[in-house]
S.K.: 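I am attaching a structure below and will ask some questions about it afterwards.
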Amino acid sequence: MPDTPNGFDKPQKRQGRFKAKGRQVDSERLSFVADILQPHLEGGPLKRDRLIEYLHILQDKIGHLAAADLAALAELMLLPMAEIWEVASFYDHFDLIKEGESPPPARTIRVCTSLSCMMAGSQAILAELQAKPHNQVRFMAAPCLGACDKAPAAADGHHLIPSASTNRLMMQVETPKKSSSLSDYKDFYTYCSEGGYQLVKTLAEGKADKQALLVELEASALRGLGGAGFPTGQKWRIVSGYDGPRYLAVNGDEGEPGTFKDRHYLSTDPHRMIEGVLIAAHVVGIKKAFIYVRDEYPEIIEMLRCELEKVTVAGLDKHVEIELRRGAGAYICGEESAMIESIEGKRGLPRHRPPYVAETGLFGQPTLVNNIETLFWVRDILEKGAEWYNQQGKDGHPGFRTYSVSGRVKEPGLVTSAAGSTAEELIAACGGMADGHQFKAYLPGGASGGILPASKADIPLDFGGRLAEEGCFVGSHAVVILSDQDNVWQVAQNLMQFFAHESCGQCTPCRSGTDKAAELMAAPCSDMDLLGELAVTMADASICGLGQAAPNPLLSAIKYFPQDVTQVDIFQSDTRQDESVAAKAKPSGKRVLGYE
């Protein structure tokens with residue numbers, strides 16, 4: 001017997017594993033990724049909240065995000081690969097390539113298929129383009145590009161191509177790709193020569209009473225113009241009442257179909273918004289401000305970087321740090337808490353309330369969230385007085401609004417008009433209905449705001465009031481005009497498919513509800529009872545406004561346009577199922593309308 005106590009031979013000393021387990025980081029890719037990011041680190045370490053910025057930098061440089069490069073990024077940031085992947089895969093503008101997969105073509109042409117562009121024939125253009133073989137270019141559907149007044153809109157990468165056509169886009173891909181830039185805008189020096197930043201300088205010198213300015217803003221009828229409509233002065237006072245440090249998040253993620261006002265204000269007079277940021281920082285006591293701009297506006301982002309640097313050189317932002325952040329193709333990030341999650345480098349998932357972001361926002365601190373247009377008007381109101389602003393409205397609707405008007409009008413565009421303006425007045429301001437079209441219906445507040453018949457075109461378009469009594473809202477003041485050549489049920493289908501694609505997937509009522517509703521609406525002989533149950537569930541149980549408002553166009557179409565529902569049902573009943581709108585619209589994961 002052996003001498004060992006248990007009668008067995010003594011085991012040899014363990015030699016260790018012969019190879020490492022798990023995903024290994026390629027040393028060459030690690031150095032490659034580190035070299036790409038190094039110029040953007042400003043001498044400091046990688047920061048968790050800038051993850052999305054790093055993903056943008058890699059995508060811009062390489063053209064896609066390969067698994068090996070994401071593994072290298074995870075190693076550099078000391079984060080799990082799964083955390084990097086879940087964030088990158090949430091946003092539509094990141095092209096993730098797994099091991100063994102081929103990267104996408106170097107060039108991408110996106111064609112908007114949201115409502116105004118759909119009405120202008122964009123889906124037919126996209127179908128023609130996708131039918132043409134082209135190895136170096138991919139043609140993709142895209143949600144609203146913020147250029148509804150230039151429908152049908154497309155983008156080369158993310159650079160806008162207005163009034164697109166099949167021939168124009170085919171010619172575009174035959175020319176070398178180049179980045180567009182803004183030139184016809186009011187720059188820093190012009191803005192200052194016209195009296196800009198005087199109020200900021202007065203505040204910096206301690207010669208202006210911050211409380212008096214806050215009282216003046218509270219006396220004005222300025223409200224959140226991104227959609228919620230919360231009184232601006234009241235919001236400033238609430239945030240200033242919490243212990244700091246305090247943050248400001250500027251919402252420039254203008255993704256609501258039909259909305260393009262922020263694009264206009266940023267691309268023509270950006271410093272009026274920037275001055276609003278600096279004034280807010282003085283009055284509210286803001287430590288740091290983040291300006292969050294959608295990725296679809298690359299020329300605006302580059303211009304803002306340049307102009308913000310001029311502001312810094314002039315010493316106007318000594319009291320607050322301003323950082324520009326890019327969105328990445330997620331409509332949900334227009335919701336304030338989802339935007340805050342995105343700024344923190346996470347998936348854009350809306351937060352449960354309470355607590356509200358005014359108390360617990362960015363990095364757990366009190367946060368003021370204002371829309372681009374809201375801040376745009378702050379300087380004028382404080383310099384000219386609340387009464388100047390309020391008296392420009394109608395009875396019971398003080399102030400003025402910027403309406404984005406698109407669809408079947410002769411001259412789509414922005415209309416700055418009294419709050420409470422009607423659809424009839426806006427159509428007249430846009431030159432009337434387009435030739436050959438009779439006014440039939442309109443969307444008073446973009447995709448979310450419902451649909452009303454022409455017989456109700458005298459309703460004041462403002463927050464609350466008669467519009468709310470009709471189950472609609474004005475939201476971001478995006479007004480889309482429909483004509484006798486449009487089927488409202490098909491319009492509602494387009495909007496529901498948009499919501500199904502843009503749902504963040506966090507809550508079941510919205511994730512599954514929009515998916516199922518899009519499928520049911522596209523099916524022959526839609527089940528109205530089931531659609532009604534889905535609408536109630538989404539409205540009552542969804543976490544945020546996307547799911548709560550998604551049923552509005554559906555319910556409006558059923559209530560006011562039952563004949564359009566019947567007309568589409570007859571057409572779809574005569575269509576083979578595998579070729580029907582239903583088969584094309586049925587979501588696969590989060591992909592609807594061909595969005596990628």
S.K.: Hey, what do you get for CD1 (Ile322) to OG1 (Thr312), rounding to the nearest 0.5 Å?
M.R.: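 OG1 of Thr312 is found 6.5 Å from CD1 of Ile322.
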
S.K.: Tell me, with the steps shown, if Glu53 and Arg326 meet salt bridge (Lys or Arg N to Asp or Glu O under 4.0 Å).
M.R.: CA-CA 7 Å; Glu53 295 300 306; Arg326 292 165 65 180; 5.7 Å; no

S.K.: Is Glu470 salt-bridged to Lys456, going by a charged N under 4.0 Å from an acidic O?
M.R.: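 Judged by the 4.0 Å cut-off on N to carboxylate O distance, Glu470 and Lys456 do form a salt bridge.
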
S.K.: Using ring centroids (six-membered ring only for Trp), state whether His93 and His158 fall under 6.0 Å.
M.R.: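 When the ring centroids of His158 and His93 are compared, they turn out to be within the sub-6.0 Å range.
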
S.K.: If every non-hydrogen atom of Phe260 is compared with every non-hydrogen atom of Ala147, which pair is closest and at what distance?
M.R.: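 Nearest heavy atoms, Phe260 then Ala147: CB-N, 4.4 Å.
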
S.K.: Tell me the closest heavy-atom pair linking Gly547 and Cys510, and the distance in Å.
M.R.: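 Between these two residues, the closest heavy atoms are CA-SG, 3.7 Å.
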
S.K.: So, does Ser421 use its side chain to make a donor-acceptor pair with the main chain of Ala418 at under 3.5 Å?
M.R.: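 Side chain of Ser421 to backbone of Ala418, a donor-acceptor pair under 3.5 Å: yes, one is there.
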
S.K.: Applying ring-ring contact (aromatic ring centres under 6.0 Å, His included) as the test, list every pair that has at least one member in residues 282-318; sequence neighbours left out.
M.R.: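 Counting only pairs at least two positions apart or across chains, the ring-ring contact (aromatic ring centres under 6.0 Å, His included) contacts touching residues 282-318 are His282-His319.
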
S.K.: What distance separates Ser116 OG from Ile481 CD1, expressed to the nearest 0.5 Å?
M.R.: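 If I round to the nearest 0.5 Å, the distance is 9.5 Å.
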
S.K.: How about Ser406 and Asp149: does a side-chain donor come under 3.5 Å of a side-chain acceptor?
M.R.: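 Judged by distance alone, the side chains do not pair up.
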
S.K.: Going by the rule side chain to side chain donor-acceptor pair (under 3.5 Å), which residues pair with Ser337 if we only count those two or more places apart in sequence or in a different chain?
M.R.: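 Partners of Ser337 under the side chain to side chain donor-acceptor pair (under 3.5 Å) test: Glu335.
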
S.K.: Do the side chain of Thr422 and the main chain of Asp458 share a donor and acceptor less than 3.5 angstrom apart?
M.R.: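 No; judged by distance alone, with no hydrogens or angles, the pair does not exist.
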
S.K.: Taking it one step at a time, do Phe94 and Ser89 satisfy side-chain contact (heavy atoms from CB on, under 4.5 Å)?
M.R.: CA-CA 7 Å; Phe94 295 136; Ser89 62; over 6 Å; no

S.K.: Decide if the gap between the ring center of His40 and the ring center of Tyr54 is smaller than 6.0 angstrom.
M.R.: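 No; Tyr54 has its ring centre 6.0 Å or more from that of His40.
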
S.K.: Indicate yes or no: at least one non-hydrogen side-chain atom of Glu254 is less than 4.5 angstrom from one of Lys261.
M.R.: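 Answer yes - side chains close enough.
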
S.K.: May I have the step-by-step check of salt bridge (Lys or Arg N to Asp or Glu O under 4.0 Å) for Lys288 and Glu323, ending in yes or no?
M.R.: CA-CA 8 Å; Lys288 184 171 183 177; Glu323 185 171 338; 2.7 Å; yes

S.K.: In chain order, what residues pass the ring pair (Phe, Tyr, Trp, His ring centres under 6.0 Å) check against Trp377, with sequence neighbours excluded?
M.R.: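 Expected list: Tyr265, Phe400.
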
S.K.: Sort and list the pairs that fulfil salt bridge (charged side-chain N to carboxylate O under 4.0 Å, His left out) and have at least one residue in residues 222-244, not counting sequence neighbours.
M.R.: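 For residues 222-244: Glu218-Arg237.
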
S.K.: What residues, two or more places apart in sequence or in another chain, satisfy side chain to side chain donor-acceptor pair (under 3.5 Å) together with Gln198?
M.R.: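 Scan of Gln198 (side chain to side chain donor-acceptor pair (under 3.5 Å), adjacent residues dropped) gives none.
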
S.K.: Strictly by modelled atom types, are Thr402 and Glu373 linked by a side-chain donor-acceptor pair under 3.5 Å?
M.R.: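 Their side chains do contain a donor-acceptor pair, which is all the 3.5 Å distance test asks for.
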
S.K.: If you measure from CD on Glu387 to CD1 on Ile381, what distance do you get to the nearest 0.5 Å?
M.R.: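 Output value for this atom pair is 12.0 Å.
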
S.K.: Go through the side-chain N and O atoms of Thr232 and Thr374 and say whether any donor and acceptor fall under 3.5 Å apart.
M.R.: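 Thr374 and Thr232 do not have a side-chain donor-acceptor pair below 3.5 Å.
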
S.K.: In chain order, what residues pass the ring pair (Phe, Tyr, Trp, His ring centres under 6.0 Å) check against His159, with sequence neighbours excluded?
M.R.: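 His159 satisfies ring pair (Phe, Tyr, Trp, His ring centres under 6.0 Å) with no residue once adjacent residues are dropped.
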
S.K.: Within this structure, what is the CG-CD1 distance for the pair Leu375 and Ile279, rounded to the nearest 0.5 Å?
M.R.: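 Taking CG in Leu375 and CD1 in Ile279, the distance rounds to 9.0 Å.
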
S.K.: Please find the pair of heavy atoms, one from Leu51 and one from Gly345, that lie closest to each other, and give the distance.
M.R.: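 That closest heavy-atom pairing would be CD2-O, 3.7 Å.
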
S.K.: Looking at Asp262 and Arg294, does any basic side-chain N land under 4.0 Å from a carboxylate oxygen?
M.R.: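 Answer for the salt bridge query: no.
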
S.K.: Which heavy atom of Ala338 sits nearest a heavy atom of Pro350, and at what distance?
M.R.: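 Shortest heavy-atom separation between Ala338 and Pro350 comes out as CB-N, 3.9 Å.
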
S.K.: So, do Met303 and Pro270 sit near enough that their side-chain heavy atoms are less than 4.5 Å apart?
M.R.: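 Yes, at least one pair of side-chain atoms sits under 4.5 Å.
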
S.K.: Can you sort out the partners of Glu83 under side chain to side chain donor-acceptor pair (under 3.5 Å), two or more places apart, ordered by chain and number?
M.R.: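 For Glu83, the residues satisfying side chain to side chain donor-acceptor pair (under 3.5 Å) (neighbours in sequence not counted) are Arg48.
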
S.K.: Is a side-chain donor or acceptor of Arg347 paired with a backbone partner of Glu86 at a separation under 3.5 angstrom?
M.R.: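 Not at all, since once roles are kept as given, no pair shorter than 3.5 Å links the two residues.
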
S.K.: Identify the heavy atoms of Ala328 and His56 that sit nearest to each other, and give their distance.
M.R.: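 So the two residues come closest at CB-NE2, 3.7 Å.
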
S.K.: Between the side chains of Asn370 and Trp236, is a donor N or O closer than 3.5 angstrom to an acceptor N or O?
M.R.: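 The criterion, which ignores hydrogens and geometry beyond distance, is satisfied for Trp236 and Asn370.
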
S.K.: Listed by chain and number, what are the side-chain contact (heavy atoms from CB on, under 4.5 Å) partners of Asp187, not counting sequence neighbours?
M.R.: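 Asp187 satisfies side-chain contact (heavy atoms from CB on, under 4.5 Å) with Tyr185, Tyr189, Thr190, Glu307, Lys310 only.
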
S.K.: Could you check whether any side-chain heavy atom of Thr268 comes within less than 4.5 Å of a side-chain heavy atom of Lys186, counting everything from C-beta outward?
M.R.: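 Not touching, per the 4.5 Å side-chain cut-off.
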
S.K.: Quick test of your reading of the model: are Lys201 and Glu275 salt-bridged, counting only N-O distances below 4.0 Å?
M.R.: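 A salt bridge is absent here (no side-chain N lies under 4.0 Å from a carboxylate O).
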
S.K.: What ring-ring contact (aromatic ring centres under 6.0 Å, His included) pairs are there with at least one residue in residues 323-367, not counting sequence neighbours?
M.R.: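 Found Tyr247-Phe363, Tyr331-Phe498.
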
S.K.: Say you draw a straight line from CG of Leu248 to CD1 of Ile286; how long is it, rounded to the nearest 0.5 Å?
M.R.: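 Spacing of CG (Leu248) from CD1 (Ile286) equals 5.5 Å.
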
S.K.: In Å and rounded to the nearest 0.5 Å, what is the CD1 to CE distance from Ile372 to Met273?
M.R.: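 So the CD1 of Ile372 and the CE of Met273 are separated by 4.0 Å.
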
S.K.: Please set out all donor-acceptor pairs under 3.5 angstrom arising from side-chain atoms of residues 459-469, sequence neighbours excluded.
M.R.:
unit_1	atom_1	unit_2	atom_2	d
Asp462	OD1	Arg401	NH2	3.2
Asp462	OD2	His397	ND1	3.0

S.K.: Take Arg110 and Asp92 through the salt bridge (Lys or Arg N to Asp or Glu O under 4.0 Å) test and state the conclusion after the steps.
M.R.: CA-CA 12 Å; Arg110 292 177 168 86; Asp92 277 356; over 6 Å; no

S.K.: Is the shortest distance from a Lys or Arg side-chain nitrogen in Arg325 or Asp253 to a carboxylate oxygen in the other one below 4.0 Å?
M.R.: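 Looking at Arg325 and Asp253, the cut-off is not met.
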
S.K.: Would you call Glu336 and Arg351 a salt bridge, taking side-chain N to carboxylate O under 4.0 Å as the test?
M.R.: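 Looking at Arg351 together with Glu336, the answer is no, because their closest N to O distance does not fall below 4.0 Å.
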
S.K.: Identify whether the distance between the nearest side-chain nitrogen and carboxylate oxygen of Arg263 and Glu299 falls below 4.0 Å.
M.R.: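 Counted as a salt bridge, because a side-chain N and a carboxylate O are separated by less than 4.0 Å.
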
S.K.: Can you name the side chain to side chain donor-acceptor pair (under 3.5 Å) partners of Lys394, sequence neighbours left out?
M.R.: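 Once residues adjacent in sequence are excluded, the partners of Lys394 under the side chain to side chain donor-acceptor pair (under 3.5 Å) criterion are Glu425.
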
S.K.: So which pairs with a foot in residues 190-215 pass ring-ring contact (aromatic ring centres under 6.0 Å, His included), sequence neighbours left out?
M.R.: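 Counting only pairs at least two positions apart or across chains, the ring-ring contact (aromatic ring centres under 6.0 Å, His included) contacts touching residues 190-215 are Phe188-Tyr197, Tyr191-Tyr197, Tyr191-His271, Tyr197-His271.
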
S.K.: Do Ile274 and Leu304 have side-chain heavy atoms sitting under 4.5 Å apart?
M.R.: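 They are in side-chain contact.
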
S.K.: Do Ile52 and Tyr91 come within less than 4.5 Å of each other through their side chains, counting heavy atoms only?
M.R.: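 In contact.
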
S.K.: Pick one: which of Leu214, Leu368, Leu382 meets side chain to side chain contact (heavy atoms under 4.5 Å, CB included) with Val283?
M.R.: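 Passing option: Leu214.
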
S.K.: Looking at every heavy atom in both Ser476 and Thr259, which two are closest together, and how far apart are they?
M.R.: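 That would be OG-OG1, 2.9 Å.
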
S.K.: Decide yes or no for Ser220 and Trp388: does some side-chain heavy atom of the first lie under 4.5 Å from some side-chain heavy atom of the second?
M.R.: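 No, too far: nothing below the 4.5 Å cut-off.
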
S.K.: Are side-chain heavy atoms of Asn371 and Phe376 found at a separation under 4.5 Å?
M.R.: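 Sidechains of Phe376 and Asn371: no contact.
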
S.K.: Are Arg272 and Arg379 close enough that some pair of their side-chain heavy atoms sits under 4.5 Å apart?
M.R.: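 Heavy-atom side-chain distance check passes, below 4.5 Å.
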
